[in-house]
Amino acid sequence: MLEIIHHGGATGVTGSCHQLVLNQNESLLVDCGLFQGEDSKEDSFEQLQIEFDTSTVKALVITHVHIDHVGRLPYLLAAGFTGPIICSIPTAKLLPLVIEDALKIGFTRNAQLIERFQAQLQKQIVSVPYGKWQSIGSVSDVSGHTGASVGTAENAEISESTGTTRVKLKRAGHILGSSYVEVSYQDAVTGQKERVVFSGDLGAPYAPLLPAPKSPYGCDQLVLESTYGDRRHPDRRQRRATLKAAVEQALANGGTVMVPAFSIGRTQELLYELETIIHQSRSSQWQSMEIIVDSPLAARFTQVYRELKPYWDKEAQSRLRSGRHPLSFANIYTVNSHAEHEQTVEYLAQTGRPAVVIAASGMCAGGRIMNYLTAMLGDERHQVLFVGYQGAGTPGRDIQQYGPQGGWVNIDGERIDIKAGVTSISGYSAHADQKDLLNFVKRMRRWPNTIRLVHGEQTARAALKSELEKLYKRKGKEVRVVNGK
């Protein structure tokens with residue numbers, strides 16, 4: 001059985017980075033993410049360093065562009081990695097934007113350095129179509145060192161008989177471009193074959209814009225995310241009504257609805273849902289509602305999302321054909337400059353004008369949402385609406401946990417009493433819940449004999465481990481479920 005070394009994401013929800021050791025001289029790396037919240041150490045710079053040996057890494061495969069999956073990429077390249085960075089076609093368009101932002105926040109603001117880094121990144125990115133095997137063979141890479149190339153392996157059996165390592169990306173339904181990764185390896189000496197699947201972050205059924213993930217045929221080892229391994233989402237088909245009710249409740253109080261949301265994925269899903277509510281509503285309040293996107297990065301991502309319409313699901317395609325524009329409608333107002341941002345915060349805090357503000361970061365761990373929270377959390381007219389996972393140790397988790405009890409939160413060293421309403425809608429999570437994760441395994445024709453649970457808090461991993469073992473027992477099958485490392 002092939003060895004898998006976790007360099008992050010094995011015992012927490014962030015920092016995903018998994019190394020598949022193929023033999024003494026070759027390995028693959030799947031993701032290279034940033035640690036956040038309780039997963040991050042006091043010496044965060046130390047945690048950013050790539051301390052493992054990268055000389056055997058033939059390729060990096062990226063599942064999607066969320067920062068907890070790609071945030072350490074600048075440090076990986078700085079450590080000397082020059083091999084191909086394999087990803088889906090949409091991810092290849094989104095990745096440079098994410099990395100540029102990550103560089104400015106945590107690496108450098110020197111424009112020349114950023115430009116040089118981006119040029120190097122573009123040389124190494126290899127975008128591949130969904131559903132096709134790609135063979136990885138030893139050749140000279142972009143810098144002339146021994147690395148790997150990627151080529152299409154149309155015939156799986158022929159490719160396997162030559163002893164090449166192959167990877168295939170399939171839609172994960174988490175954000176646009178997200179993938180789970182199948183790796184097929186055959187030892188050149190022994191001829192032994194093994195197939196490993198890395199789930200990345202799996203989406204759930206009925207997500208806006210994205211088709212639901214379909215399980216692979218099967219594998220020997222499965223590295224499975226477990227973010228919501230201990231719970232189930234409410235009926236996702238009812239979430240739009242829940243979102244509408246939550247917004248209307250806040251507006252009835254004469255305030256603003258603050259929605260912390262990641263710039264990529266959640267922001268676009270919310271715009272899609274809000275356009276639906278406005279389109280269907282006869283209420284003048286909804287027809288005149290301002291949807292404020294206060295994030296230049298989110299605005300850029302939304303533009304790329306529009307350019308990637310062929311990757312939208314059938315429902316979204318149908319809306320386009322009918323003349324609707326789910327990500328570009330009259331009610332959207334985009335805030336760009338910092339001065340404009342400050343004016344918007346002050347205006348909404350003072351007037352309580354009915355509006356929905358969507359701003360990053362999704363876990364309230366920085367970004368423009370923090371200024372809204374600082375200005376409005378102490379005012380009962382306003383509402384914080386959480387539509388995504390809040391990592392332990394983040395301000396978002398503290399507001400979510402203590403806000404309904406009339407508690408307080410520490411923001412930049414300042415204690416702020418939470419008087420604003422706090423509502424959470426888990427039905428909008430971009431992650432699969434326990435049932436979806438079990439179905440991902442259940443719907444394989446050939447079930448894995450080893451499952452490694454990652455990307456989840458300890459309680460979530462323990463609950464999912466128990467359910468997986470019960471599932472296998474009912475079917476009379478054997479399984480080894482590894483909880484973290």
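Heavy-atom contacts from other residues, nucleotides or ligands closer than 6.0 Å to CD of Glu307 number more than 12. The environment of Arg446 atom CZ is dense: over 12 non-hydrogen atoms of other residues, nucleotides or ligands sit within 6.0 angstrom. Around CG of Asp412, the count of heavy atoms belonging to other residues, nucleotides or ligands within 6.0 Å does not exceed 12. For NZ of Lys168, the number of neighbouring non-hydrogen atoms (other residues, nucleotides, ligands) closer than 6.0 Å is greater than 12.
Rounded to the nearest 0.5 Å, atoms CD1 (Ile125) and CD1 (Ile99) are 8.5 Å apart. Considering CD1 of Ile451 and SG of Cys219, their distance stands at 8.0 Å, rounded to 0.5 Å. From Cys87, atom SG reaches atom NZ of Lys93 across 11.5 Å, with rounding to the nearest 0.5 Å. The distance from the CD atom of Glu269 to the CG atom of Leu327 is 10.5 Å, given to the nearest 0.5 Å. Separation of atoms CG (Leu224) and CG (Leu464) is listed at 6.0 Å; rounding is to 0.5 Å. We find the CG-OG1 distance between Asp433 and Thr227 to be 11.0 Å, quoted to the nearest 0.5 Å.
With salt bridges taken as basic N to acidic carboxylate O contacts below 4.0 Å, none links Glu469 and Arg474. Comment: Glu457 does not engage Arg461 in a salt bridge, judged by the lack of any side-chain N to carboxylate O separation of less than 4.0 angstrom. The pair Lys58-Glu26 does not meet the salt-bridge criterion, since no charged nitrogen lies less than 4.0 angstrom from a carboxylate oxygen. Contact check on Glu182 versus Arg166 returns no salt bridge, with no Lys/Arg side-chain nitrogen under 4.0 Å from an Asp/Glu carboxylate oxygen. Ion pairing between a basic and an acidic side chain is recognised when a charged N comes within 4.0 Å of a carboxylate O; Glu273 and Arg239 show such pairing.
Contact of the Phe52 side chain with the Ile5 side chain is not registered, since no non-hydrogen atoms from C-beta on lie closer than 4.5 Å. Contact of the Tyr185 side chain with the Asp187 side chain is registered, since non-hydrogen atoms from C-beta on lie closer than 4.5 Å. Counting heavy atoms from C-beta outward, Val183 and Arg195 have side chains that stay 4.5 Å or more apart. With a 4.5 Å cut-off on side-chain heavy atoms, Leu73 and Leu121 count as touching. Annotation: side chain of Tyr402 is not in contact with side chain of Val409 (no heavy-atom distance under 4.5 Å). Under the 4.5 Å side-chain criterion, counting only non-hydrogen atoms from C-beta, Arg415 is not in contact with Asn410. For the pair Val65/Ile175, a side-chain contact is recorded, criterion being any heavy-atom separation below 4.5 Å from C-beta on. Using a 4.5 Å heavy-atom threshold, the side chains of Thr63 and Tyr180 count as separate.
Using a 3.5 Å distance cut-off with no hydrogens or angles, the side chains of Asp436 and His233 do not pair a donor with an acceptor.
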(request) Run the numbers on Arg231 and Gln434 for side-chain hydrogen bond (donor to acceptor under 3.5 Å, both in side chains), then give the verdict. (result) CA-CA 6 Å; Arg231 69 197 87 169; Gln434 185 185 85; over 6 Å; no
(request) Assess whether side-chain contact (heavy atoms from CB on, under 4.5 Å) is satisfied between Val257 and Thr423, documenting all intermediate values. (result) CA-CA 10 Å; Val257 183; Thr423 303; over 6 Å; no
(message) Using side-chain hydrogen bond (donor to acceptor under 3.5 Å, both in side chains), reason through Thr450 and Gln221 one step at a time and then give a plain yes or no.
(response) CA-CA 5 Å; Thr450 299; Gln221 285 196 77; 5.2 Å; no
(request) Could you please spell out the steps behind the side-chain hydrogen bond (donor to acceptor under 3.5 Å, both in side chains) verdict for Tyr206 and Glu315? (result) CA-CA 10 Å; Tyr206 312 111; Glu315 181 188 75; over 6 Å; no
(request) Kindly determine whether Ser361 and Arg368 satisfy side-chain hydrogen bond (donor to acceptor under 3.5 Å, both in side chains), including the steps that lead there. (result) CA-CA 7 Å; Ser361 76; Arg368 290 187 175 184; over 6 Å; no
(message) Using side-chain contact (heavy atoms from CB on, under 4.5 Å), reason through Tyr472 and Val441 one step at a time and then give a plain yes or no.
(response) CA-CA 10 Å; Tyr472 272 72; Val441 176; 3.8 Å; yes
(message) Could you go through Asp220 and Leu2, starting from their C-alpha distance and side-chain angles, then the distance that decides it, and tell me whether this counts as side-chain contact (heavy atoms from CB on, under 4.5 Å)?
(response) CA-CA 10 Å; Asp220 301 292; Leu2 294 176; over 6 Å; no
(request) Show the numbers, then the answer: is there a side-chain contact (heavy atoms from CB on, under 4.5 Å) between Ile418 and Asp398? (result) CA-CA 10 Å; Ile418 305 169; Asp398 290 342; over 6 Å; no
(message) What verdict does the salt bridge (charged side-chain N to carboxylate O under 4.0 Å, His left out) test give for Arg300 and Glu100, after you've listed the backbone C-alpha separation in whole Å, the side-chain angles of each residue and the deciding distance to 0.1 Å?
(response) CA-CA 12 Å; Arg300 291 171 71 188; Glu100 180 185 346; 3.4 Å; yes
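Of the possible donor and acceptor atoms, one in the side chain of Arg72 sits under 3.5 Å from a partner among the backbone N and O of Gly33. Under a 3.5 Å cut-off, the side chain of Thr394 and the backbone N or O of Gln390 do not form any donor-acceptor pair. Of the possible donor and acceptor atoms, none in the side chain of Thr165 sits under 3.5 Å from a partner among the backbone N and O of Ile136. Looking only at distances, a side-chain donor or acceptor of Ser215 sits under 3.5 Å from a matching main-chain atom of Phe440. Side-chain atoms of Glu225 never come within 3.5 Å of backbone atoms of Leu453 as a donor-acceptor pair (strictly under, hydrogens ignored). With Thr190 contributing its side chain and Gln192 its backbone, the two residues share a donor-acceptor pair below 3.5 Å. In this structure a side-chain-to-backbone donor-acceptor pair under 3.5 Å is missing from Thr14 to Asp68. No donor-acceptor distance shorter than 3.5 angstrom exists from the side chain of Arg171 to the backbone of Lys214, with no hydrogens or angles considered. Formation of a donor-acceptor pair under 3.5 Å by the Glu467 side chain with backbone atoms of Ala463 is not found in this model. A donor-acceptor pair is defined here as one N or O able to donate and one able to accept, closer than 3.5 Å; no such pair exists between the side chain of Ser27 and the backbone of Asn23.
Among the candidates Leu60, Asp31, Leu29, Val30, the single residue satisfying the side chain to side chain contact (heavy atoms under 4.5 Å, CB included) test with Cys17 is Leu29.
Stacking of Lys475 on the aromatic ring of Trp447 is not recorded, the 6.0 Å distance cut-off and the 45° axial limit not both being met.
Proximity of the aromatic rings of Tyr311 and Tyr305 is defined here by a centroid distance below 6.0 angstrom, and this criterion is not met. Checked against the 6.0 Å centroid criterion, the rings of His18 and His7 do not qualify as a close aromatic pair.
Nearest heavy atom pair, residue Pro260 against residue Val387, reads O-CG2, 4.4 Å. Closest approach of Cys364 and Gly396 over heavy atoms only: CB-N, 3.6 Å. Smallest separation of non-hydrogen atoms from Ile50 and Ala79: CB-CB, 4.0 Å. Shown here for Ala246 and Ile425, the closest heavy-atom pair between the two residues is CB-CD1, 4.3 Å.
Using cut-offs of 30° and 60° on the angle between ring planes, the pair His69 and His64 is tilted. Ring orientation note: the planes of His66 and Phe262 are tilted relative to one another, at an angle of 30° to 60°.
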